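All figures in this text were calculated on a predicted structure; none of them were measured in a lab.
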Amino acid sequence: MRMLESSATFLRGHFSRRIFTIPTATLNRLINDHLRDNGLVEARRIFNQNRTSLDISTWNMMISVYVQRGLMLEAHQVFDQMPVRDVVSWNTMFMGLKKNKDPESVLRHFIEMRRSGLNPDELTIAAIIDAVSGPGSKVLVLQIHTLAIRLGLSLSAYTGSALLRGYTSLRDLRGLERVFKEILLKDVVSWNVLIMGYMKLGFVEDGERAFAEMPERNICREFKVALLLFREMVESWSNRPSHYTFSSVLKACAASSSLLMGRQVHSMISKRGMACDVVLSTSLIDMYAKSGDITAASGVFKSMPVKNTASWNSMIGGFARHGLGVEALEEFERMVQCGYKPDQVTFINLLSACAHAGLVEEGEKQFMLMGRFGITAEKEHYACMVDLLARAGQLDKAERLIKGMPFEPDFVIWGALLGACGLHSCLELGEVAAKGISRLRREHPAAYDVLCRVHGEKGDWTSVMELRRLMRKTKAKKQDASSWIE
DNA sequence: TTAGGGTTAG
């Protein structure tokens, strides 16, 4: 460090007297050494003094350091002042914006990058795909995939894994398989993401249909394929399953309530001595609870030498799912006694446990006590409370709670109220909820259903017919698609 | 000089 400082003084001296021009390579190395040694202030000083003569790689490194420390404003400043930018400069910015959860800026910058005439590389494609992925972005994912194919980047495992995530988010099984086939050298990540995608889609879309079509007894078609892939991977030496692999597979087992496979994975984890991993154990609890085996979930939880908030949340959530409200409350008490700090999720789980078990008073009490732990009630907590009150038939109270909320009711809150109105055949409030949802310009799958049924029960067939007509009309509406990249 | 996949909820 002292050597670095003295060399900087030496160079600065010569520079100020304009005797020598300092070789760019030396300056670059000096700044890089400072950055590596955590000397950001000194690096920035040398950088600012010499910025006109610096290598593009040094500019990029400055941006990268700022991005890694979450200093996006500073990263932006350096990026904006660059005389020339290369693909690394753009990629580094994309990663920073992505980390900052700013997908719109990622896209804006991507378009700007294309206009500047630079071609994306595999890192660019991956960052963009991750930024645009989501159920409503079909056109974008397809466009970027097309671009990746044209540039020959869809063959890479790095880009491929992002594309796999993209197609999973579109719930596009065929797209998922096509991308996987395209990847030339599949690595552990490609396999993990594929397995995860298969499981997610298998559960949501193909579930019962695949189950019925299946020639064998206990495994749905997609799960069998995924299990075979998983075994293939376990057996191949270069693709040893890691913590990531097991965690993905467990999450997938949980999502598909695949207890059989979950147990197999559990024994693989134990055999490899990975049973102590907090994340894996938490995944195991979740898997067992979601597959219906709450005893096994509780067994894993009790055997954990180290726990964290997520583990407790997972256990409390498991009890909630099983309608074991009292157990959830008791576990929560133990959590607090053991000195763990509950977070937002803890209370969502706890309140939903009360809602499922009909423990109205206890739920209200916990809702009031949240502040003691420094947690402010957010929309999610209000949604649980609306659910709790409305399910228990206290619809007026639920409505009052919504009116008194410090924010506008959202889709989840109206949905909870709507569901309960269906349960208790309350037309008046059901219509309020349905109107609330339509004001958000959204469709609720149960909205028409609930209203039709309640109108039907009252013998109001004119309204039922009108609703059915409306339903057909909305369903027939097609989504507009437009191209705005390139 | 940039580097992807893991836990809890609704």
Side-chain angles (χ1 to χ4, degrees), chain A residues 28-29 31-32 35-36 54-65 67-68 75 85-96 98 121-127 129-130 156-166 168 187-197 241-252 254 274 277-287 289-290 297 300-301 304 307-318 320-321 335 342-353 355 378-384 386-387 410-413 415-416:
Chain A
N28 283 330
R29 225 190 46 230
I31 292 174
N32 289 355
L35 288 177
R36 217 172 299 130
L54 291 171
D55 258 9
I56 194 162
S57 64
T58 306
W59 285 84
N60 289 340
M61 210 156 145
M62 279 307 282
I63 300 175
S64 166
V65 168
V67 161
Q68 274 163 26
R85 295 174 189 137
D86 64 5
V87 69
V88 177
S89 336
W90 288 98
N91 288 347
T92 313
M93 285 304 288
F94 292 144
M95 279 156 208
K98 207 177 84 180
D121 68 1
E122 48 184 313
L123 270 74
T124 321
I125 299 289
I129 285 282
D130 277 336
S156 115
Y158 190 93
T159 309
S161 68
L163 283 166
L164 289 173
R165 279 194 298 281
T168 305
D187 64 8
V188 193
V189 178
S190 337
W191 288 99
N192 285 347
V193 181
L194 176 74
I195 292 170
M196 202 123 118
S242 58
H243 286 211
Y244 288 107
T245 319
F246 283 119
S247 189
S248 320
V249 175
L250 279 176
K251 193 176 180 182
M274 290 175 171
D277 186 290
V278 187
V279 176
L280 283 184
S281 302
T282 303
S283 305
L284 278 170
I285 296 168
D286 189 49
M287 181 276 294
K290 284 181 178 156
V300 173
F301 182 70
M304 285 174 79
K307 298 179 172 86
N308 63 19
T309 305
S311 335
W312 288 93
N313 291 350
S314 192
M315 194 63 244
I316 294 169
R321 192 176 294 277
M335 176 182 187
D343 64 5
Q344 313 270 5
V345 180
T346 316
F347 280 98
I348 291 171
N349 283 343
L350 198 62
L351 295 177
S352 96
E378 291 183 18
K379 272 187 188 170
E380 288 87 347
H381 302 101
Y382 277 93
C384 287
V386 170
D387 191 37
D410 67 355
F411 186 73
V412 182
I413 287 171

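Minimum atom distance to the side chain of A:V412 is reached by B:dG10, of the listed B:dT7, B:dG10, B:dA9. Minimum atom distance to the side chain of A:V345 is reached by B:dA9, of the listed B:dA9, B:dT2, B:dT7. Counting only heavy atoms from C-beta on, A:Q68 has its side chain closest to B:dA3 among B:dT1, B:dA3, B:dA9. Listed nucleotides B:dT2, B:dG6, B:dA9 differ in distance to A:S64; the shortest reach to its side chain belongs to B:dT2. Nearest nucleotide to the A:K290 side chain, out of B:dA9, B:dG6, B:dG4: B:dA9. You'll find that the side chain of A:V279 is closest to B:dT7, out of B:dT7, B:dA9, B:dT1. Proximity note for A:E380 (side chain, C-beta onward) versus B:dT7, B:dT1, B:dG10: the nearest is B:dG10. Comparing atom distances between the A:S57 side chain and each of B:dG4, B:dT8, B:dT1 picks out B:dT1 as nearest. For A:M95, the listed nucleotide lying nearest its side chain is B:dA3; candidates were B:dT8, B:dG4, B:dA3. Between B:dT2, B:dG10, B:dG4, one nucleotide has an atom nearer to the side chain of A:R165 than all others, and that is B:dG4.
A:W312 has its CH2 atom 21 Å from the P atom of B:dT7, to the nearest Å. Between the P atom of B:dA3 and the CG atom of A:D86 lies a distance of 14 Å, rounded to the nearest Å. Atom CG in A:D277 sits about 13 Å away from atom P in B:dT8, given to the nearest Å. Atoms CG (A:D121) and C1' (B:dT1) sit 12 Å apart, rounded to a whole Å. Between the CG atom of A:L350 and the C1' atom of B:dT8 there is a distance of 14 Å, given to the nearest Å. Between A:W90 atom CH2 and B:dT1 atom C1' there is a gap of 17 Å when expressed in whole angstrom units. One interatomic measurement links the two molecules: CG of A:N91 to C1' of B:dA3, which rounds to 9 Å at whole-angstrom precision. Per the geometry, CD1 belonging to A:I63 stands 10 Å off C1' belonging to B:dT2, to the nearest Å.
Within the 4.5 Å cutoff, side-chain heavy atoms of A:D343 are placed close to those of A:T346. Side-chain contact between A:L123 and A:M95: present, with at least one pair of heavy atoms (C-beta onward) separated by less than 4.5 Å. A:H243 is listed as a side-chain neighbour of A:D277, based on a closest heavy-atom distance under 4.5 Å. At a threshold of 4.5 Å between non-hydrogen side-chain atoms, the residues A:V278 and A:K307 do not count as touching.
Between A:T309 and B:dT8, a side-chain N or O to OP1/OP2 separation shorter than 4.0 Å is absent.
Residue A:S283 is classed as a sugar-phosphate contact, given heavy-atom separations below 4.0 Å to backbone atoms only. Using a 4.0 Å heavy-atom cutoff across all strands shown, A:R321 reaches sugar-phosphate atoms only and no base atom. Contact annotation for A:L284: no contact, since no heavy-atom pair falls under 4.0 Å across all strands. Contact annotation for A:T159: no contact, since no heavy-atom pair falls under 4.0 Å across all strands. Residue A:T282 is classed as a base contact, given a heavy-atom separation below 4.0 Å to a base. Using a 4.0 Å heavy-atom criterion, one finds that A:A157 contacts the bases of the nucleic acid, with or without backbone contacts as well.
In this model, a donor atom of one side chain and an acceptor atom of the other lie less than 3.5 Å apart for A:T124 and A:D121.
Of all heavy-atom pairs spanning A:L164 and A:L194, the tightest one is CD1-N, 4.0 Å.
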